[in-house]
Amino acid sequence: MNGIRLQVTDLRRDFNRRPVFQGISFALDAPGSLAVTGLNGAGKSTLIKVLAGAIGPTTGTVAYQRAGVPIEIDALRHELGFVSPYLNLYDEFSAEENLRLLSRIRSGNEPASVTIERRMKQVNLWNRRHDDVGTFSSGMKQRLKYAFALLHEPTVLMLDEPTSNLDAEGIAVVEAIVAEQKERGILIVATNDESEAAWCTARVHLSGSGGNKR
Amino acid sequence: MNGIRLQVTDLRRDFNRRPVFQGISFALDAPGSLAVTGLNGAGKSTLIKVLAGAIGPTTGTVAYQRAGVPIEIDALRHELGFVSPYLNLYDEFSAEENLRLLSRIRSGNEPASVTIERRMKQVNLWNRRHDDVGTFSSGMKQRLKYAFALLHEPTVLMLDEPTSNLDAEGIAVVEAIVAEQKERGILIVATNDESEAAWCTARVHLSGSGGNKR
Amino acid sequence: MRIVKVLSIILITFVLIAGIAIPLAPAPQGLFEFPIIPGLEDKARNIFYHVPIAWTTVLAFLVSMWYGYRYLRTRSIDDDLKSVSSAGLGFMLCILATVTGSLWAKFNWGSFWNWDPRETSIFVLLLIYGAYFALRSALASDEARARLSAVYAIIAGLTVPFFIFVLPRMVAGLHPGAKGDVDGSGPVLEFKMAPNMRVVFFSSLIGFTLFYIWLLTLRIRAARLEHHVADQHS
Amino acid sequence: MSTIARTWALVVKDARSELRTRYAMNALVMFVITSVATILFAMREDQASPELLAGMYWVVVFFSSMSGLSRIFVSEEEKGTALALQLIASPKVVYVGKLLFNCGLTLLLTLAVTVLYLIVFPGFVVASFDIFAVTWLLGSLGLASAATIIAAIIARANTRGTLYPVLSFPVLIPLLMTVMRSTIRALAGESFENAFGEFQVLFSYLLVMTGGSYLLFEHVWKD
Amino acid sequence: MSTIARTWALVVKDARSELRTRYAMNALVMFVITSVATILFAMREDQASPELLAGMYWVVVFFSSMSGLSRIFVSEEEKGTALALQLIASPKVVYVGKLLFNCGLTLLLTLAVTVLYLIVFPGFVVASFDIFAVTWLLGSLGLASAATIIAAIIARANTRGTLYPVLSFPVLIPLLMTVMRSTIRALAGESFENAFGEFQVLFSYLLVMTGGSYLLFEHVWKD
Ligand code: HEM
Ligand SMILES: Nc1ncnc2c1ncn2[C@@H]1O[C@H](COP(=O)(O)OP(=O)(O)OP(=O)(O)O)[C@@H](O)[C@H]1O
Ligand SMILES: Nc1ncnc2c1ncn2[C@@H]1O[C@H](COP(=O)(O)OP(=O)(O)OP(=O)(O)O)[C@@H](O)[C@H]1O
Ligand SMILES: [Mg+2]
Ligand SMILES: [Mg+2]
C-alpha cells in the first residue's frame, strides 16, 4: 500500500557552526500533511531541503519507510516531488524538453506523452510547451515546476513558498494539487503565509532564534 | 515641490519580435499610485523594468517631469527605488556593506549612518548587518532590498511582487512603506495579488494575449 | 533590380571569358592581347578574380557594419536582417578571396601562406566573421542578438584601418604596394596593367559588386520571408 | 540496466544543451582556431622544434579544456539547476554521466587540435602513430577525469576562486608532463616500447583519478 | 566631481569583491604559472630566440586575460546583480569604472608575467628599459580596453568562457603584433626613437578602442 512514513529524529543543521534549527523530531504518515512555519530566516527552507535529502543534516536522521521497511535514498527519488522558487529548470530547453529529459534522468525512460500533456494542461502551459524556459516569466517558471514535480505522481510532495509568483488562477491550480496530494500521500509545505499553513493538518514551527532577530 | 509626473505614451516592448505589450499610455502624478496587473506572463515585470529605465522600450516613450521640466535619466536614478525578487544584491558583501557601496556608486557619497541604521531596523535586519548576503534566507534578502530601495528616500518607488518571500511581520513593514510612499510620491506595484493591487488608486491591466495562453 | 541581375551576369561572364581566353603576348598588339608581366605571366589572370572579390568582401563588411550601426539607432529588426545578410555574403566572398589568393600565392610565391600583411588582414577578417557568427548563435533573444552583434561588428571594424593603413607600412610584404616594394608600384591602378586589362579588371570589379548587391537583396528578401513564416507559426 | 539508461540520459541532456542550435560547437571550434592562430602568430618566423610543438599542443588542449570542461558543473551551479539534479539523480549517476560527457568532449577537442596541427605546422609530423594514438586516448581521458572532479569541487565551494588553482595545477601537472614527453617520442618516431613508461604513468593516473573521484564525489556533490 | 566619485566607488566595489573572492586573481595566477611552466618545459633544451620569447610573453598575457578580465561583467550577470547596477549607475559610469578596474588588473598581470619571465628565462633580458616600460603600459591599457567591451558583450551570451578569446583575438591582433615588435626592440636594446612608430600605433589603438567602446557601451549594457 501507499502507507509511506516519514520519521525525523532529533534533527539539527548548522551553518558556519551556528545551528539553524535543532532538536526537531516528528513522524508523519501518509495520507497526511505538515506545514513548516516560522519567521523569515527561521530555517524553513533549510529544513525542507534536509527532508528532501538535498542537503545533509548535521546530526539526527531523516528516515522514510513503507510498512516498516526503510526506503533507500535512491528509491526515494522516485517518490519525491519538490517545488520552490530556488529550484530552477534548464533555461536552454523548452518546457516539454525539460520534462522529458529530466524524467529520463530520474527513471531511465520518458513518461507517456499523455501524462505530459495532462500535466502541462493542468498548469496551463501547453500552448507554450515549445518555448525555451529562459524566456518564461517568473509565474510560468513556477507553473512548470509543478508539472515537473507531479509528472511521476510522487507519494511525497514538498512545496516551499507554494504560491509565490502565481496569479489567482495559478493559486487555484495549486490548491487543487494540494487537496489531491493530502489524500494520496504526504504533503509538506514550508510557508510564511498562515492561510497556506492552514492547508495542513500537522505543523512544525521553527521559532529558534528567528534568523533576522539574532 | 515634489510634483513629479510620469507620462507614458504608446509603449510597446517586443521579445523575439513578438510584442509582450503594446499601446500602453497613461499619466501618473505624485502623490499617486498605480497597480500593474495581469496573468502570469502578461508582461508586468517587463513593463515595470521599462518604466524604471532598466530596459528600453521597442517603441513609445517613458518621460518623467517635475513642473513640466523633464527629468534626465541620470537624475532619475536618485529618485527611484526598485524592489523585486529578481533584483539581486552582492552575495559576497555584508548587508551593511551592500548599502554603503551601492549608495556610493549611486551618489558619490555614503548615506549617514543613522539613515542606514534606521532603514535596517525598519526591516529588522540590524542584528544581521555584518553577515554576508549570500547566507541570507530568501525573506531576509527581500527585506534588505527594501532597505536599499528606501535609503535615498526615492520619490518613485517600484515594487514587483512586493510581498513575495516575506512573513507576516515583513508584510506589515511593506504595508507601512506603501502607505507612506503613496502620500509622498509615486508608487507602482506589479502584482498577481488582488489585495496588493488594491493598495493603489490607478491600475493598468495587461490583458494582451496573456503569456501562457498564447 | 532586374538590371543589376542582368548586368552582373553579363559582366562576370565577360570577365570569365575575356580573362581566360585573351592570349598573352610579349609585345601586345591591339585589344585582344595582354602584355606579359614579368614574374606573373599566365598567373596574372587571377587578378581579375582575386582582387575584385577581395574588394567586394571589404564592401560587404562595411555594409554589414553600416546596417549594424543603423540598427542601434533605429532598433528596427529589419536593419539587423540586412546587416546579417551582408555579413553572410561577405563571409563567403572572404573565403573565396582567400582561396583564390592562396592558390595564386602557391604558384607565385611558392607557398600557400606567407603572413604577408594582406594575408594577415584577410585572415583577421575571416576570424572576425567567424567570431561574429559564433556570437550570434550564442545569443538567445533576437533583440540581444541584433544589438550585441552590431556592436561587435563596429568594434571589430575599428581595427580594420590598422590592417589597411598601418600594418602594410610596418611589415615587409609580398603584395604590390607593400613596404620595400622595389618598383614602388602603389595601388592596383598602377599595377602594371595595360589599358585593355583595366577594362576587364573594372568590368570584373563592377560585375562582382553588382553580383553582391543582387545576392544581398535576395538574401534580405529570403530572411524577411523566413521570419514572417516563423511569426505565423508561433 | 536502468542505471545505465539514467546515466546515458544525463549525457544526452548535457550533449543536447551543448549542441543546442550549435553555438557551443561554433565557439569551441573558433576557440581552437584562435589558440592555434595565436601560437602560429607568435612563432611566425621560427621553425618550431618538436619539443615546443608538443608542449604547445597540450597547452592549447589544456586551455580549451579548462574553459570547456569546468563548465559542466559550474553551469549547473550558476543556473541554479544543481538542486533539480540532486533531487532526481544519485551522485554516482551524476558523476559518471558528467565524466562520460567530458571524456567525449576532450576526445573531440584533442582530435580537432590534432587535425589542425597536422595541417598548420609542417614540423608536426606524427612519426610513431601508435604512440600518438595511445597518448591521445589516455591523455584525453586522464585530463577529462581530473577536470571533472576539479570542476565539481570548484562549483560547490563557496570560495570558488581560491580553490581553483590550488587544486587543478598540482593535479594536472604530472599528467601534462607525461603526455608531453610521450608526444615528443611520437614526433621523434621512437618505437612503441620506448613509451611504455609514459603509458604506465598515464594509465595509473587515469585509474587513480577516476577511482578516487568516484568514491569522493558524493561528499563534493552534497552540501 | 560627483561622477568621478561615483566611478571610483564602482572601482572600489569591484576591487573589494575581488579581494574577498579572489576569483580573477587566482584564475590569472593559475593561467600564468601553468603556461609559463609548460613553455619552460617545452623549451627545456632550446635556447629560445628573443622573437619567440617576446611572442610567448604576449601570448601568455592574452590567454591569462581571458580568464580574469572577462569576469568583470560576466560575474555581474551570473550573480544577477546587473539590474541593481543598471538602476543606480549610468552606463558611462559603469563603463569607465569597469575599464579602470580592468586596467589595474592587466597592469598587475603583465607585471607579474614580466617578473616571472625575468626570473625564469635567461634569454629574456630587457636591454632598453624605456621601450619596455612604455610598451608595457600602452600594451596593457590597450588590452584592458578591448577586453572590457568584449567582456560586456559576452556577458549576455550563452557560451561565455569560449567566446571571450574568440571575439577578442581578431580585435587584439593589431595590438599584439605591435606590442610583440616593440618588445623585440626592447630585448634587442634599440634606442627609444626606433620604437616611436610602434608607440604611435599602440596609442591610437588605445584611443580608438576606448572611444568606440565608450560610445557604444550603452547599447551593450541596456537591454
Ligand atoms: C594567400 C594569398 C593571398 C591573400 C589572402 C590575398 C589577399 C588580398 C587582400 C585581402 C587584398 C586586399 C583587397 C582590398 O584591400 O580591397 C589583396 C589585394 C591584392 N592582391 Fe592579394 N592575396 C593573396 C595572394 C596574392 C598574390 C599571390 C598576388 C599576386 C602576385 C596578389 C595580388 C594582389 C593585388 C595586385 C592586390 C591589389 C593590391 C592593391 O589594391 O594595392 N595577391 N589580396
Ligand atoms: N528575456 C526574454 N526573452 C524572451 N521573452 C521574454 C523575456 N522576458 C520575458 N519574456 C516573455 O515576455 C512575457 C512577459 O514576461 P514578464 O516576466 O514580463 O511577465 P509577468 O507579467 O511579470 O509574469 P509573472 O506574473 O509570471 O511574473 C512572457 O511571455 C515571457 O515569455
Ligand atoms: N548557505 C548558507 N550559509 C550560511 N548560512 C545560511 C545558508 N543558508 C541559510 N543560512 C542561514 O540559515 C538561516 C535559515 O535560512 P532559511 O533559508 O532556511 O530560512 P527560511 O525559514 O526559509 O526563511 P524565508 O522565510 O526567508 O525563506 C538563515 O539565518 C540564513 O542566514
Ligand atoms: Mg525560505
Ligand atoms: Mg513578473
Side-chain angles (χ1 to χ4, degrees), chain A residues 15-16 18 20 37-47 84-86 95 120-121 123-132 134-144 160-161 163-171 173 190-197 206 208-214, chain B residues 15-16 18 20 37-47 84-86 95 120-121 123-132 134-144 147 160-161 163-171 173 190-197 206 209-214:
Chain A
F15 277 122
N16 300 325
R18 282 195 302 202
V20 174
T37 55
L39 296 176
N40 285 150
K44 302 179 291 298
S45 303
T46 309
L47 176 58
S84 89
Y86 48 80
M120 295 200 79
K121 283 190 167 154
V123 298
N124 215 337
L125 283 177
W126 182 241
N127 292 332
R128 295 292 294 268
R129 66 185 179 283
H130 296 309
D131 285 4
D132 281 359
T135 70
F136 276 17
S137 78
S138 56
M140 291 157 72
K141 283 181 184 164
Q142 183 76 354
R143 284 158 181 260
L144 184 61
D160 194 357
E161 309 189 24
T163 61
S164 76
N165 304 318
L166 292 177
D167 57 19
E169 187 240 336
I171 295 178
V173 172
T191 180
N192 290 306
D193 184 347
E194 195 44 46
S195 70
E196 288 170 12
L206 298 175
S209 38
N212 47 346
K213 300 283 160 39
R214 264 188 266 175
Chain B
F15 276 121
N16 295 322
R18 284 193 303 200
V20 174
T37 56
L39 298 177
N40 285 150
K44 302 178 293 297
S45 303
T46 309
L47 177 58
S84 89
Y86 47 80
M120 294 199 80
K121 282 187 169 157
V123 297
N124 216 337
L125 282 178
W126 182 241
N127 292 330
R128 295 290 296 267
R129 68 186 178 281
H130 295 308
D131 285 3
D132 281 0
T135 69
F136 275 17
S137 80
S138 58
M140 291 157 70
K141 282 181 185 164
Q142 182 77 353
R143 284 158 180 262
L144 184 61
D160 193 357
E161 309 191 21
T163 60
S164 78
N165 303 319
L166 292 176
D167 56 20
E169 186 240 336
I171 294 177
V173 172
T191 179
N192 290 305
D193 184 347
E194 195 45 47
S195 69
E196 289 168 12
L206 299 174
S209 36
N212 48 346
K213 302 280 162 40
R214 264 190 261 176

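Each chain gets a letter, A, B and so on, in the order its sequence line appears, and its residues count up from 1.
L166(A) is not listed as a side-chain neighbour of N192(B), based on a closest heavy-atom distance of 4.5 Å or more.
The minimum heavy-atom distance linking G41(A) with S137(B) is given by the pair N-OG, 3.1 Å.
In terms of heavy-atom pairs under 4.5 Å with chain B, the best-connected choice from T191(A), T135(A), N16(A), N165(A) is N165(A).
When heavy atoms are compared at a cutoff of 4.5 Å, S138(A) approaches chain B solely by way of its side chain, counted from C-beta outward. The part of D131(B) that comes within reach of chain A is its side chain, from C-beta onward, which places non-hydrogen atoms under 4.5 angstrom from that chain.
For T46(A), the side-chain contact (heavy atoms from CB on, under 4.5 Å) partners two or more places apart in sequence, or in a different chain, are R13(A), F15(A), V20(A), F21(A), I55(A).
With hydrogens and angles disregarded, a donor-acceptor distance shorter than 3.5 Å links the side chain of D167(A) to the backbone of N40(B).
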